[in-house]
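Data first, discussion second: the structure below is written as structure tokens.
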Amino acid sequence: MKNALITGITGQDGSYLAELLLEKGYNVYGIMRRKSEVTYGNVEHIKEKIHFIYADMTDPISLISAMKISQPDEVYNLAAQSFVATSWDTPLGTADIDALGVTNMLEAIRIVKPEARFYQASTSEMFGLVQAIPQSETTPFYPRSPYGVAKLYGHWITKNYRESYNMYACSGILFNHESERRGKEFVTRKITDAVSRIKQNVQDHIELGNMDAKRDWGHSKDYVNAMWLMLQQETPDDYVIATNETRTVREFVEIAFRCVDIEVEWSGEGINEIGKDKATGKEIVKINPQFFRPAEVEILIGDPAKADTNLGWEREIPFAELVERMVKNDMKLVAKEIKAANL
Ligand code: NAP
Ligand code: F7E
């Protein structure tokens, strides 16, 4: 039986990865941060099956302890301040966790168990102002946010430890992946939650920022499988994981509303753009410049050919199903909330 240590286990990807590794028979250890109230986030439903260790990416001693306790064969470093917009508000905190935190984890591995295999959660945000379309492992990086810059450090230090110490260390350059467990500030979940509230008459409209931004969106469940595959190879390497499809935020809005039989009709331009319910004429989508970013990543579309060839990785959940799953789940959650409030 293998041991795995997951940082960021309470997050979206951490939870799907923990489920996958438990299914495969791993002993799963997860790093938790101390909070004023003990909560297990997205692993609440499997908390009895996980060995939790209190640690923090910014506290190297706690990571050394986590390594000693868990004696892992595989370490998945998913912990991060992962919300791009907030990285302008907390640039140093983001760097401490997303950049130096990676070195803290790599050093802990080197000190306690250098033969442990390491996965680093790199990101398509490193491509930022894209230098090629689609983006692959050989596309030059040009990050556009403190988050992207910090993650680029994490990416290179992982490669550097692989080359310096011959460690089995890989980076997955993952494009946007979403799910029913996505945090509600990210645009996809913000939309599917709002669609569900608007449909059930507990919200009038949704306010969004850049509707023209294009993203390559997949489902988290497919992407954690790629993380595992990367650590099962003969030699460590870095891989782009993506769907090779891209859509605007506006298209995501249209498709999500269509899941609840609402057709959106657009009028106006820029900050004056408005989306109306075609059947009722009600204004259901508005632009709020508060959600624009100081620098934007306009388009992302990844080429996962290397992962397909070397890992045999393919995404199983198509885009339309991703949106439908998220809307269905939020429809249920909102209905539950309404019922509870009426009791
Ligand atoms: P997420 O839902 O925001 O989860 C982040 C996790 O990191 C949470 O468990 C959080 O714990 C933990 N964390 C934050 N700061 C920490 C610290 N100082 N010490 C220890 N743990 C800390 O993110 P996700 O979507 O699952 O993404 C997983 C990883 O993949 C992240 O590194 C992200 O940057 C990267 N990534 C994500 C995507 C995507 O589209 N989802 C794409 C590419 C790369 P709390 O519960 O205590 O907050
Ligand atoms: O924004 C635009 C926004 O916050 C997507 C993280 O997981 O993926 C994620 O980063 C796009 C951007 O994700 C709103 O300007 C418009 O262009 O959902 P997001 P992200 O920034 O792409 C990468 C790969 C990661 O690594 C990150 O950790 O949507 N947008 N209006 C909006 N975005 C938000 N959040 N809210 C809006 O109202």
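In each ligand, atom 1 is the first atom listed, and ligand 1 is the first ligand listed. Heavy-atom basis, side chains included; hydrogens, waters and symmetry copies ignored.
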Exercise. Any ion pair linking Glu263 and Arg258 (charged N to carboxylate O, less than 4.0 Å)?
Worked result: yes

Problem set entry | Distance from atom 31 (N) of ligand 2 to nearest protein heavy atom, with residue and atom | Gly209 N, 2.8 Å

Seminar exercise, completed: Correct closest heavy-atom pair for Ile191 and Ala256 would be CG2-CB, 3.9 Å

Exercise. Between Thr123 and ligand 2, which residue portion shows a heavy-atom distance shorter than 4.0 Å: side chain, backbone, both, or neither?
Worked result: side chain

For this session: Check whether NZ of the Lys or CZ of the Arg Arg182 lies under 6.0 Å from the centre of the six-membered ring of Phe186 and within 45 degrees of that ring's axis.
Result: yes

Exercise. Judged by non-hydrogen atoms, does Gln290 sit under 4.0 Å from ligand 2?
Worked result: no

For this session: With heavy atoms only and a cut-off of under 4.0 Å, state how Tyr147 meets ligand 1: side chain, backbone, both or neither.
Result: side chain

For this session: Taking only heavy atoms of Thr123 into account, list the atoms of ligand 1 that are under 4.0 Å away from them.
Result: 43 (C), 44 (C)

Exercise. Going by distance only, is there an N or O of Arg33 that falls short of 3.5 Å from an N or O of ligand 1?
Worked result: yes

For this session: Would you mind finding which of Ala80, Ser220, Ser15, Gly11 brings a heavy atom closest to atom 7 (O) of ligand 1?
Result: Ala80

For this session: To the nearest 0.5 angstrom, please state how far the NE2 atom of His177 sits from the NZ atom of Lys221.
Result: 14.5 Å

Problem set entry | Ring centers of Phe127, Tyr142 separated by less than 6.0 Å | no

For this session: May I ask whether Arg182 has any heavy atom positioned less than 4.0 angstrom from an atom of ligand 1?
Result: yes

For this session: Would you please say whether a donor-acceptor pair under 3.5 Å links the side chains of Glu180 and Gln12?
Result: no

Seminar exercise, completed: So CD1 of Ile6 and CG of Leu21: to nearest 0.5 Å the spacing works out to 5.0 Å

Seminar exercise, completed: Of Glu178, Arg293, Glu298, the residue with the heavy atom nearest atom 21 (O) of ligand 2 is Arg293

For this session: For ligand 2, note which part of Ser82 has a heavy atom under 4.0 Å away: side chain, backbone, both or neither.
Result: both

Problem set entry | pair Thr243-Phe319: side-chain heavy atoms closer than 4.5 Å | no

For this session: Would you kindly specify which portion of Met211 sits under 4.0 Å from ligand 2, judged on non-hydrogen atoms: side chain, backbone, both or neither?
Result: neither

Problem set entry | Heteroatom distance test (Asn176, ligand 1): nitrogen or oxygen, under 3.5 angstrom | no

For this session: Could you tell me whether Thr10 approaches ligand 1 through its side chain, its backbone, both or neither, with non-hydrogen atoms closer than 4.0 Å?
Result: both

For this session: Any chance you could lay out the salt bridge (charged side-chain N to carboxylate O under 4.0 Å, His left out) test for Asp330 and Arg197, step after step, and finish with the verdict?
Result: CA-CA 8 Å; Asp330 278 327; Arg197 289 176 193 280; over 6 Å; no

Problem set entry | Arg182-ligand 2 polar pair, N/O distance under 3.5 Å | yes

Problem set entry | Backbone or side-chain N or O of Gly14 under 3.5 Å from ligand 1 N or O | no

For this session: Mark up the atoms of ligand 2 that fall under 4.0 Å of a heavy atom belonging to Lys190, in ascending order.
Result: 37 (C), 38 (O)

Exercise. If you measure every N/O of Leu174 against every N/O of ligand 1, is any gap under 3.5 Å?
Worked result: no

For this session: For a side chain to side chain contact (heavy atoms under 4.5 Å, CB included) with Phe175, tell me which candidate from Ile301, Thr123, Val240, Asp303 qualifies.
Result: Val240

Problem set entry | atom 32 (C) of ligand 2 [closest protein heavy-atom partner, distance rounded to 0.1 Å] | Val187 CG2, 3.4 Å

Problem set entry | Within-shell test, Phe292 vs ligand 2, heavy atom, strictly < 4.0 Å | no

For this session: Using a strict cut-off of less than 4.0 Å between a Lys/Arg side-chain nitrogen and an Asp/Glu carboxylate oxygen, indicate whether Glu19 and Arg181 qualify as a salt bridge.
Result: yes

Problem set entry | atom 19 (N) of ligand 1 - nearest protein heavy atom and its distance | Met57 N, 3.0 Å

Problem set entry | Ala85 near ligand 2 by a heavy-atom separation under 4.0 Å | no

For this session: Check whether NZ of the Lys or CZ of the Arg Arg110 lies under 6.0 Å from the centre of the six-membered ring of Tyr165 and within 45 degrees of that ring's axis.
Result: yes

For this session: Find out whether the Lys NZ or Arg CZ of Lys276 is both under 6.0 angstrom from the six-membered ring centre of Trp266 and within 45° of the ring's axis.
Result: no

Problem set entry | Identity and separation of the nearest protein heavy atom to atom 6 (C) of ligand 1 | Gly8 CA, 3.6 Å

Exercise. Can an N or O of Leu208 be found at a distance shorter than 3.5 Å from an N or O of ligand 2?
Worked result: no

For this session: Say whether Ala213, considering both its backbone and side-chain N or O atoms, lies within less than 3.5 Å of an N or O atom on ligand 2.
Result: no

Exercise. Between Glu178 and ligand 1, is there a nitrogen or oxygen pair with a distance under 3.5 Å?
Worked result: no

Exercise. On the ring face of Tyr54, is Arg34 found with NZ or CZ under 6.0 Å from the centre and within 45° of the axis?
Worked result: no

For this session: Specify side chain, backbone, both or neither for Glu125, according to which of its non-hydrogen atoms lie closer than 4.0 Å to ligand 1.
Result: neither

Seminar exercise, completed: Nearest non-hydrogen contact to atom 17 (O) of ligand 2 from the set Glu207, Arg250, Lys214, Arg215 belongs to Arg215

Exercise. Starting from atom 38 (C) of ligand 1, which protein heavy atom do you reach first, and at what distance in Å?
Worked result: His177 CE1, 3.2 Å

Exercise. Would you say ligand 2 has an N or O under 3.5 Å from any N or O of Ser124?
Worked result: no

Exercise. For ligand 1, does Lys35 get within less than 4.0 Å through its side chain, its backbone, both, or neither, judged by non-hydrogen atoms?
Worked result: side chain

Problem set entry | Residue, atom name and distance, where the atom is the protein heavy atom closest to atom 20 (P) of ligand 2 | Asn176 ND2, 3.8 Å

Exercise. Are the ring centres of Tyr223 and Trp313 closer than 6.0 Å?
Worked result: yes

For this session: For ligand 2, indicate whether the residue Lys151 contacts it via side chain, backbone, both or neither (heavy-atom separation under 4.0 Å).
Result: neither

Problem set entry | Flag for Thr90-Thr94: side-chain donor and acceptor within less than 3.5 Å | yes

For this session: List the atom of Val297, the atom of Arg144, and the distance in Å for their closest heavy-atom pair.
Result: CG2-CB, 3.9 Å

Exercise. Can you list the ligand 1 atoms lying under 4.0 Å from a non-hydrogen atom of Ala121?
Worked result: 29 (C), 30 (O), 32 (O), 35 (C)

Exercise. Between Arg315 and Glu245, does at least one N-O distance fall below 4.0 Å, as a salt bridge requires?
Worked result: yes

Exercise. For atom 28 (C) of ligand 1, which of Ile241, Asn77, Leu78, Asp96 has the closest heavy atom?
Worked result: Leu78

Problem set entry | Nearest-0.5 Å distance that lies between atom CD1 in Ile31 and atom CG in Asp59 | 10.0 Å

Exercise. Taking both backbone and side-chain atoms of Ser122, is any N or O found less than 3.5 Å from an N or O belonging to ligand 1?
Worked result: no

Exercise. Between His155 and Phe141, does the ring centroid distance fall short of 6.0 Å?
Worked result: yes

For this session: Identify whether the distance between the nearest side-chain nitrogen and carboxylate oxygen of Glu251 and Lys214 falls below 4.0 Å.
Result: no

Exercise. Among all protein non-hydrogen atoms, which one is nearest to atom 2 (O) of ligand 1, and what is the separation to 0.1 Å?
Worked result: Gln12 N, 3.0 Å

Seminar exercise, completed: So the atoms of ligand 1 within less than 4.0 Å of a heavy atom of Ser82 turn out to be 1 (P), 3 (O), 23 (O), 33 (C), 34 (O)

For this session: Considering the heavy atoms of Ile97, write down every atom of ligand 1 situated less than 4.0 Å from one of them.
Result: 15 (N), 18 (N)

